[in-house]
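Everything below concerns the one structure shown next.
The analysis underlying the following values was restricted to heavy atoms, covering all of them including side chains, and did not include hydrogens, waters or symmetry mates.
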Amino acid sequence: MSHWTTIWAQAHTDLHVIRSYLRGKTARTTIPVCAAGSKLRLRFSNREGRSYFVLRDATVCVGGKTYTLTFGGQPSLTLVPGKAAYCDEIECNITAGDTVSITTFYSRTATSGNQVQEATIYSLPGNFVHGDFVLGKAIIPRYRIVGIPPIVGLDAVEILTEEKPAIIACLGDSITQQSHWVHPLNQTFFLRGSAVRALNLGIGGNRVLSGDCSGVGIFGRAALERFREDVLDRPGVTAAIFAIGTNDIGKIVTEEDFEKNSAANIFAGLKSMADQAANRGMKVYFATITPRLGSAFYDQRQEAIRLELNELLRKSAADYAGLIDFDAALNDARTGIMPTDCDSGDHLHPGPMGGLRMAKEALRVLDETLAL
């Protein structure tokens, strides 16, 4: 029986702070396909936008053939804040290992989206959807925001397939969003020829219990709020990894924060989401919180919460599919210090080498429990 399966998705946040770099440009995002299918559909969302956007023109190229997107037979799509829509279904021959290349032009700036590690490029100002793509200069100064091009508007890529690929929703924060562990995990699946895909659903600064604290919306809604749309409602998701909680700890400042963001409360929030996923038949994995010693705003009381939360996560592993111990992967001597070669430099975010260790740990657990 054929069924719709999500082969790529992102968690949306508010990107209006970088709107000036996106205005009037054409974007192209290229995504690998993990399974064969007979139809394709794309979902666009303005759920975190502050004003309506107009997707004026869009195409998708798969298997060397380009299709113009329509929406109810119309060539453009207007979405007000909080709304989402699918394009009309496209009948096409999709083969595992193909790439899907999506080219979009918005006549108004779209600011609902995210920054995840996919092959995304932007043009010079103008609509290059149907013509030669004229590559623009880097659009995001590194001193302003992390240097990963944003993907705006696009919410998900889904295929109609008779296969049953393993689709793993990775709910996380910036450590997931930066893709140092999700990307090599997907590369391994691809090189194996496995019908497996990890969806990067990380948002920088995101927390389990509380929403945005940046003042500009970029850290997103609380994981408890966005969980249904980002994980439960994604067609074809078969497993979920919960790799979030470090910002609940790191944003503790007042005594009230210590009481609200206790290890028990953070764990209760994670368990609530995990139980919902398990009740949907998904395999559930908790990931321990990585070392923080030396990071900004670190203190010993926060570290005590991290250690207590990790122990709660380890003890709960038997109730779910397994535990992915990122803390052990990046904390060889249990000192609370991330090894220098694994550290991005801020003593909080793992760099590429740290991400490889994390991917190896995730793969070890998934190999044992998902029969990949």
Side-chain angles (χ1 to χ4, degrees), residues 9-29 42-58 69 71 74 76-87 102-116 118 120 122-123 125-127 129 136 138-156 171-174 176-178 200-231 233-234 244 247 251:
Q10 65 173 348
H12 278 231
T13 188
D14 182 354
L15 298 178
H16 80 279
V17 293
I18 56 174
R19 63 187 178 276
S20 61
Y21 301 109
L22 308 176
R23 186 175 294 123
K25 293 172 178 164
T26 304
R28 178 169 291 164
T29 298
L42 310 181
R43 188 173 189 264
F44 293 86
S45 176
N46 193 24
R47 81 186 212 200
E48 301 299 331
R50 298 194 176 197
S51 63
Y52 73 90
F53 72 63
V54 180
L55 178 58
R56 183 64 65 194
D57 227 346
L69 300 191
F71 302 85
Q74 300 301 308
S76 65
L77 172 69
T78 300
L79 283 178
V80 299
K83 296 298 183 180
Y86 282 102
C87 72
I102 303 130
T103 306
T104 55
F105 175 75
Y106 297 88
S107 58
R108 287 175 57 93
T109 301
T111 59
S112 182
N114 210 329
Q115 295 167 272
V116 294
E118 298 294 350
T120 300
Y122 276 81
S123 73
N127 183 350
V129 170
I139 63 168
I140 305 174
R142 289 181 181 274
Y143 65 88
R144 290 290 297 276
I145 196 164
V146 64
I148 301 175
I151 304 173
V152 295
L154 185 63
D155 179 66
L171 189 77
D173 44 47
S174 57
T176 295
Q177 179 200 36
Q178 291 175 2
N200 188 331
L201 302 173
I203 296 177
N206 201 231
R207 296 182 286 180
V208 175
L209 302 177
S210 303
D212 181 77
C213 64
S214 68
V216 294
I218 200 167
F219 292 165
R221 290 178 288 145
L224 282 168
E225 276 188 61
R226 67 183 180 93
F227 170 66
R228 174 169 294 279
E229 192 165 6
D230 280 339
V231 177
D233 292 344
R234 298 285 185 197
I244 189 166
N247 292 311
K251 297 298 190 295

Taking every non-hydrogen atom, the tightest pair across R226 and G172: NH2-O, 3.0 Å
Close side-chain approach of R43 and L154, heavy atoms under 4.5 Å: no
Heavy-atom check, side chain of I18 versus side chain of P150, under 4.5 Å: yes
Enclosure of K83 NZ (heavy-atom neighbours >12, cutoff 6.0 Å): no
Close side-chain approach of I102 to L42, heavy-atom, < 4.5 Å: yes
Pairwise distance CG(N247) to CG(L209) - rounded to 0.5 angstrom: 11.5 Å
N/O donor-acceptor pair under 3.5 Å between D212 side chain and F219 backbone: yes
4.5 Å side-chain heavy-atom contact, I151 and Q115: no
Sub-4.5 Å side-chain heavy-atom contact between F44 and L77: yes
P81 versus Y52, closest heavy-atom pair with distance: CD-N, 3.8 Å
Pair R207-C213, side chain to side chain contact (heavy atoms under 4.5 Å, CB included): steps then yes or no: CA-CA 9 Å; R207 296 182 286 180; C213 64; 3.4 Å; yes
Beyond-backbone contact of N127 with D57, side-chain heavy atoms, under 4.5 angstrom: yes
Short side-chain donor-acceptor distance under 3.5 Å, Q177 and N114: yes
Expected output: side-chain S174 to main-chain G204 donor-acceptor under 3.5 Å: no
For H12 against E48, the heavy-atom pair lying closest together: O-CG, 3.5 Å
Side-chain donor/acceptor of N200 to backbone N/O of T176, under 3.5 Å: yes
Heavy-atom closest pair, residues Y122 and K25: CD2-CB, 4.0 Å
Verdict with reasoning, N206 to R221, per side-chain hydrogen bond (donor to acceptor under 3.5 Å, both in side chains): CA-CA 7 Å; N206 201 231; R221 290 178 288 145; over 6 Å; no
Non-hydrogen side-chain atoms of T104 and L55 separated by less than 4.5 Å: yes
Minimal non-hydrogen separation, G217 against R50, with atom names: N-NH2, 4.3 Å
Short side-chain donor-acceptor distance under 3.5 Å, S45 and S112: no
N46 (side chain) donor-acceptor with S51 (main chain) under 3.5 angstrom: yes
Distance in Å, D173 CG paired with Q178 CD, rounded so as to fall on 0.5 Å steps: 9.0 Å
Y106 side-chain N/O to V152 backbone N/O, donor-acceptor pair under 3.5 Å: yes
Any L171 side-chain heavy atom under 4.5 Å of F227 side chain: yes
No-hydrogen, no-angle side-chain donor-acceptor test under 3.5 Å, T103 and R28: yes
Any donor-acceptor N/O pair, T13 side chain to I218 backbone, under 3.5 Å: yes
